[in-house]
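Notes for the one structure printed next.
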Amino acid sequence: MAPVRITGAVVAAISVTMALLSVLLYTSKKIKPALPWNKNPRSGLVGAIGNTPLIRINSLSDATGCEILGKCEFLNPGGSVKDRVAVKIIEEALESGDLAPGGVVTEGSAGSTSISLATVAPAYGCKCHVVIPDDAAIEKSQILEALGATVERVRPVSITHRDHFVNVARRRALEANELASKHRKDEQKNGKALEKVNGFHYDGEKQLFPRNCPGGYFADQFENLANFRAHYEGTGPEIWQQTGGNIDAFVAAAGTGGTVAGTSKFLQERNPNIKCFLIDPPGSGLFNKITRGGDVHQRGG
């Protein structure tokens with residue numbers, strides 16, 4: 001059967017880390033870059049996130065008769081599209097006051113999100129505490145620790161268990177807030193800070209966080225709408241500008257679903273005829289969630 005030619009362009013966002021691509025796009029017409037190459041240096045690490053280039057996938061383009069393009073999210077500093085999410089989560093939390101300046105961001109993640117949070121948090125003067133199952137590769141912990149995060153490994157259990165790594169991360173943020181509140185009360189009561197030993201306040205009890213920790217914030221990537229907004233306000237507009245709006249479809253794989261949801265909503269608001277597809281392997285948790293109302297929290301992210 002001859003390949004079907006599609007007028008316009010198709011945008012497919014797929015996380016293919018092994019192939020060094022996070023977004024694919026294709027069209028029957030060659031697309032000229034809508035934005036000139038910016039030769040000016042980016043401002044700091046956060047300034048280097050986003051505005052990733054598109055490349056033509058020659059083999060697929062030639063085979064289908066469409067222009068298939070890839071958006072190179074692996075060029076973000078943390079190596080994935082999750083850098084966008086980390087920036088949005090932290091910026092919104094700081095702006096709302098839910099995250100105190102210098103506070104600790106916690107997340108339960110054995111995937112790219114933890115690396116992105118560990119990469120981005122120091123740029124905002126914050127700490128990062130990651131909880132992962134202890135069956136995750138030790139190299140994951142080593143990478144996170146090299147980025148300055150603290151890592152807590154816990155035994156794998158069901159998401160419904162209070163000690164599932166995501167639930168532990170949520171609890172750690174609450175503990176950091178309780179510790180910060182207690183510290184403030186102690187200082188008000190005593191009129192001075194407790195004795196410091198090697199940067200930590202010693203009060204006779206072992207603490208997971210420094211006693212002077214300003215507080216904690218649970219990133220909550222699965223439920224935090226900042227995940228969606230990062231792509232609705234960032235990835236989607238970038239694709240639209242870079243293709244000049246010449247898009248027929250957008251295709252994405254999903255972990256939390258933030259990329260496909262935010263990007264597709266933006267693109268379809270610009271052109272309702274754009275087709276958006278979520279591609280997932282057989283037996284996927286997200287497919288089960290949509291068709292049967294099942295659980296998706298065991299997915300990577």
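- Interatomic distance, CD1 of I68 versus OG of S59, reported as 8.0 Å (0.5 Å rounding).
- Listed by chain and residue number, nothing satisfies the side chain to side chain contact (heavy atoms under 4.5 Å, CB included) test with P101 (two or more places apart in sequence, or in another chain).
- Pairs engaging residues 142-154 under the side-chain hydrogen bond (donor to acceptor under 3.5 Å, both in side chains) rule: H129-T150, H129-E152, S141-R153, E152-R172 [sequence neighbours left out].
- The side chain to side chain contact (heavy atoms under 4.5 Å, CB included) check on L94 picks up I90, L99, Y124, C126, with sequence neighbours excluded.
- In this view, F228 and Y232 satisfy the ring-ring contact (aromatic ring centres under 6.0 Å, His included) rule, not counting sequence neighbours.
- Here the NZ atom belonging to K82 is positioned 7.0 Å from the OG atom belonging to S112, to the nearest 0.5 angstrom.
- I159 is connected to V168 through a chain of hydrophobic side-chain contacts under 4.5 Å among Ile, Leu, Val, Met, Phe, Trp and Tyr, so both are in one cluster.
- Proximity of V81 to H231: side-chain heavy atoms (C-beta onward) are separated by under 4.5 Å at one or more points.
- Salt bridge R171/D163: present, at least one basic N to carboxylate O contact under 4.0 Å.
- Applying the salt bridge (charged side-chain N to carboxylate O under 4.0 Å, His left out) definition to pairs two or more places apart or across chains, those involving residues 256-268 are K265-E269.
- The two residues V46 and A123 make their nearest non-hydrogen contact at CG2-CB, 3.9 Å.
- Considering every non-hydrogen atom in both I132 and V130, the closest pair reads CG2-CG1, 3.6 Å.
- Between S80 and F74 there is no side-chain heavy-atom pair separated by less than 4.5 Å.
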Discussion item. Quick one, L144 with S114, criterion side chain to side chain contact (heavy atoms under 4.5 Å, CB included). Give me CA distance, side-chain angles, the key distance, then yes/no.
Written reply: CA-CA 8 Å; L144 291 168; S114 60; 3.8 Å; yes
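- When side chains are defined from C-beta on, I247 does not count as touching R270, because their heavy atoms never get closer than 4.5 Å.
- In this structure, I274 and Q268 approach most closely via the heavy-atom pair O-NE2, 3.0 Å.
- In this structure, the separation between CD on E178 and CZ on F209 is 11.0 Å, given to the nearest 0.5 Å.
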Report, one line per pair, each donor and acceptor closer than 3.5 Å where one atom sits in a side chain of residues 213-220; sequence neighbours left out.
unit_1, atom_1, unit_2, atom_2, d
Y217, OH, N224, ND2, 3.1

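- The hydrophobic side chain of I138 is isolated, with no ILVMFWY side chain under 4.5 Å apart from it.
- For the residue pair E73/T52, the side-chain donor-acceptor check at 3.5 Å is satisfied.
- Remark: the T113 side chain and the Q221 side chain contain an N/O donor-acceptor pair separated by less than 3.5 Å.
- Taking 4.5 Å as the limit, every side-chain heavy atom of C276 sits out of range of all side-chain heavy atoms of V260.
- Applying the side chain to side chain contact (heavy atoms under 4.5 Å, CB included) criterion to A230, with sequence neighbours excluded, gives R84, V85, K88.
- D62 is linked by a salt bridge (Lys or Arg N to Asp or Glu O under 4.0 Å) to R56, counting only residues two or more places apart in sequence or in another chain.
- Between A86 and L117, the closest heavy-atom pair is CB-CD2, 3.8 Å.
- Not counting sequence neighbours, the partners of L75 by the side chain to side chain contact (heavy atoms under 4.5 Å, CB included) test are P53, C72.
- Every residue was checked against the salt bridge (Lys or Arg N to Asp or Glu O under 4.0 Å) condition with R170, not counting sequence neighbours, and none meets it.
- Pairing each heavy atom of G78 with each of D83, the nearest pair is N-OD2, 2.5 Å.
- With rounding to the nearest 0.5 Å, the separation of CG in N76 from CD1 in I115 is 13.0 Å.
- Between the side chain of S181 and the backbone N or O of N177, no donor-acceptor pair lies under 3.5 Å.
- For the atom pair E238 CD and T243 OG1, the distance stands at 11.5 Å (nearest 0.5 Å).
- Placement of V120 and V105 within a single hydrophobic cluster is found when ILVMFWY residues are connected by side-chain heavy-atom separations under 4.5 Å, directly or transitively.
- In terms of heavy-atom proximity, T106 sits nearest to A173 at OG1-CB, 3.5 Å.
- If you chain together hydrophobic residues whose side chains sit under 4.5 Å apart, L208 and V151 never meet in one group.
- Using a 4.5 Å cut-off between side-chain heavy atoms of Ile, Leu, Val, Met, Phe, Trp and Tyr, with links allowed through other members, L147 and L45 fall into different hydrophobic clusters.
- Grouping Ile, Leu, Val, Met, Phe, Trp and Tyr by side-chain contacts under 4.5 Å, direct or through others, leaves L225 on its own.
- L60 and I55 fall within a single hydrophobic cluster, where Ile, Leu, Val, Met, Phe, Trp and Tyr are joined by side-chain heavy atoms under 4.5 Å apart, directly or via other members.
- In this structure, the side chains of K71 and I239 come closer than 4.5 Å at one or more pairs of heavy atoms.
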